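The structure appears right after this line, and notes come after that.
This one's a predicted model, so the numbers in the text were calculated from it and none came from an experiment.
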Amino acid sequence: MNKGISMFDLRGKTAVLSGGAGLYGRQIASALAECGAKLYIASRNFEKNQKLANELNSLGCDVHAKELDLSSEKSIIALAESVFEECGKADILINNAVMRTMQGYDDTAEAFDMSMKINATGLFLISRAFGDRMAEKGGGNIINIGSYMGLLGPDYSLYDGTDMNTRGCPPDYFFHKGGITNYTRFLASHYGKSGVRCNCLELGGLYSGQDEIFVKKYSEKTMLGRMANETDIKGSVVFLASDASAYITGSIICVDGGYSAK
């Protein structure tokens, strides 16, 4: 293998991906598995994860489905213990899972609390469960999946003429995506002396059949003139997961077609 290309090779690495069967999760799972990582995909929906694992394994990949409830510390610890027992290590953790519990700005306090329990407390607990074990082993790599919504406020003009966000944008998503951005820097600092890196990908909007009015308006806000497609983030994930980014930690990388820079 070409020496330059080998820097992106993930063979021999074990990766854990939360929420692997969603729109972006499928891209992340495919990218890691196709580059040779032994991959565990974990979420509440074991059946969906198993279906994706079967698809990727039919292509010669090494993918395993696990159950994970981010609202339960017991479930999080059980996942970490299971992976380390089976593999003796976890080289890569990708915090991708998210649960949308709020439907608008007028939703209940209970809906906000549940979002924080899963998307904030859960993020903290799984990062600690794997991060501490990585530190004990002398190295590891945590990749947080953020959003441009963690950097910017909502642009309500995008939704004019559509039936999207008629109750106001759900505030919890902006709250915890903003939090994951600086928590990335915390983790990078906390674990850096133990050889554990942490970086964040701030993703833009992925086309998934949205209202054509919204798609047109959103696309015009980006520098590339379009929404993300089904392969656009794969290269960024592989770069951060591989030795090609060995001296990068605490970085916030926008993968949004220039939306947040325009």
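- When the side chains of ILVMFWY residues are joined at heavy-atom separations under 4.5 Å, either directly or via intervening members, Y173 and Y156 end up in a single hydrophobic cluster.
- Between the side chain of K13 and the backbone N or O of A241, no donor-acceptor pair lies under 3.5 Å.
- Residues that satisfy the ring pair (Phe, Tyr, Trp, His ring centres under 6.0 Å) test with Y24, not counting sequence neighbours, are absent from this structure.
- Residues G19 and N96 come closest through the heavy atom pair O-ND2, 2.6 Å.
- Atom CG of N229 is separated from atom OG of S208 by 12.5 Å, given to the nearest 0.5 angstrom.
- Under the ring pair (Phe, Tyr, Trp, His ring centres under 6.0 Å) criterion, Y191 pairs with no residue at all, not counting sequence neighbours.
- Without hydrogens or angle criteria, N199 side chain to I248 main chain gives a donor-acceptor distance under 3.5 Å.
- Side chains of L52 and R26 form a contact here, defined as non-hydrogen atoms less than 4.5 Å apart.
- Rounded to the nearest 0.5 angstrom, N95 CG and C198 SG are separated by 7.5 Å.
- The CG atom of L201 sits 4.5 Å away from the CD1 atom of I145 when rounded to the nearest 0.5 Å.
- Side-chain contact between L68 and I76 is present, with at least one heavy-atom pair separated by less than 4.5 Å.
- Counting only distance, with no hydrogens or angles, the side chain of T222 and the backbone of Y218 share no donor-acceptor pair below 3.5 Å.
- Salt bridge annotation for K38-E86: absent, with no cationic side-chain nitrogen under 4.0 angstrom from a carboxylate oxygen.
- Put simply, the side chain of S251 does not reach to within 4.5 Å of the side chain of T184, judged on heavy atoms.
- For the pair D91 (side chain) and G140 (backbone), a donor-acceptor distance under 3.5 Å is absent.
- F130 pairs by the ring pair (Phe, Tyr, Trp, His ring centres under 6.0 Å) definition with nothing, not counting sequence neighbours.
- A single hydrophobic cluster is seen to contain both V215 and M164, as judged by linkage of ILVMFWY side chains at heavy-atom distances under 4.5 Å, directly or through other members.
- Connection of L206 to I143 is established within a shared hydrophobic cluster, with ILVMFWY side chains joined at heavy-atom distances below 4.5 Å, either directly or through further cluster members.
- Annotation for L152 and Y259: closest pair CD1-CE2, 3.8 Å, computed over non-hydrogen atoms.
- For the atom pair OG1 (T181) and CD1 (I252), the distance works out to 5.5 Å, reported to the nearest 0.5 Å.
- Counting heavy atoms of neighbouring residues, nucleotides and ligands inside a 6.0 Å radius, atom NZ of K234 exceeds 12 of them.
- The CG atom of D172 sits 11.0 Å away from the NZ atom of K177 when rounded to the nearest 0.5 Å.
- In terms of modelled atom types and a separation under 3.5 Å, the side chain of D256 and the main chain of L203 share no donor-acceptor contact.
- Taken from CE in M227 to CG in D232, the straight-line distance is 11.0 Å, to the nearest 0.5 Å.
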Take N144 and L123, measure what side-chain contact (heavy atoms from CB on, under 4.5 Å) needs, and give me the verdict at the end.
-> CA-CA 9 Å; N144 289 328; L123 171 73; 4.0 Å; yes
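- For the pairing with I118, the side-chain contact (heavy atoms from CB on, under 4.5 Å) check across R44, H176, R100 returns one residue only, R44.
- For the pair A111 and T101, the tightest heavy-atom approach, listed with the atom from each and the gap, is O-OG1, 2.7 Å.
- A 4.5 Å side-chain heavy-atom check between V16 and I126 finds every atom pair outside the cut-off.
- Between the side chain of S147 and the backbone N or O of E202, no donor-acceptor pair lies under 3.5 Å.
- Between Y183 and F124, the angle of the ring planes goes over 60°, which puts this pair in the perpendicular group of the 30/60° scheme.
- With hydrogens and angles disregarded, no donor-acceptor distance shorter than 3.5 Å links the side chain of D243 to the backbone of M7.
- The main-chain N or O of K216 is never found under 3.5 Å from a side-chain atom of S219 such that the two would form a donor-acceptor pair.
- A donor-acceptor pair under 3.5 Å is absent between the side-chain atoms of D62 and the main chain of G36, judged by distance alone.
- Applying the ring-ring contact (aromatic ring centres under 6.0 Å, His included) test to every pair with at least one member in residues 193-213, sequence neighbours left out, gives no pairs at all.
- Between G25 and L17, the shortest heavy-atom contact is O-CD2, 3.7 Å.
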Could you walk me through whether D107 and R167 pass the side-chain contact (heavy atoms from CB on, under 4.5 Å) test, one step at a time?
-> CA-CA 9 Å; D107 215 327; R167 295 169 54 187; 4.1 Å; yes
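- For D69 and S75, the side-chain atoms include no donor-acceptor pair closer than 3.5 Å.
- For the residue pair K48 / S43, no side-chain donor-acceptor distance below 3.5 Å is found, with atom types taken as modelled.
- Minimum interatomic distance between C200 and G146 (heavy atoms only, all atoms of both residues): SG-N, 3.8 Å.
- When all heavy atoms of K66 and F46 are compared, the closest pair comes out as C-CD1, 3.9 Å.
- Within the 4.5 Å cutoff, no side-chain heavy atoms of D9 are placed close to those of S242.
- Proximity of L93 to M134: side-chain heavy atoms (C-beta onward) are separated by under 4.5 Å at one or more points.
- In this view, K221 and D155 satisfy the side-chain hydrogen bond (donor to acceptor under 3.5 Å, both in side chains) rule, not counting sequence neighbours.
- Within a 6.0 Å radius of NZ in K193, more than 12 heavy atoms belonging to other residues, nucleotides or ligands are found.
- Two different hydrophobic clusters hold I92 and I142 under the rule that ILVMFWY side chains link at heavy-atom gaps under 4.5 Å.
- F175 belongs to a hydrophobic cluster whose other members, connected by ILVMFWY side-chain contacts under 4.5 Å either directly or through intermediates, are M102, F112, M116.
- In this structure, the side chains of L79 and Y40 stay at 4.5 Å or more apart for every pair of heavy atoms.
- Linking ILVMFWY residues whenever their side-chain heavy atoms come closer than 4.5 Å, directly or via other members, places L125 and V83 in the same cluster.
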Checking side-chain contact (heavy atoms from CB on, under 4.5 Å) for the pair Q50/N54: CA distance, chi angles, key distance, verdict?
-> CA-CA 6 Å; Q50 187 61 64; N54 292 341; 3.0 Å; yes
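- Proximity of D160 to K217: side-chain heavy atoms (C-beta onward) are separated by under 4.5 Å at one or more points.
- Between the T249 side chain and the R197 main chain, no donor and acceptor come within less than 3.5 Å of each other.
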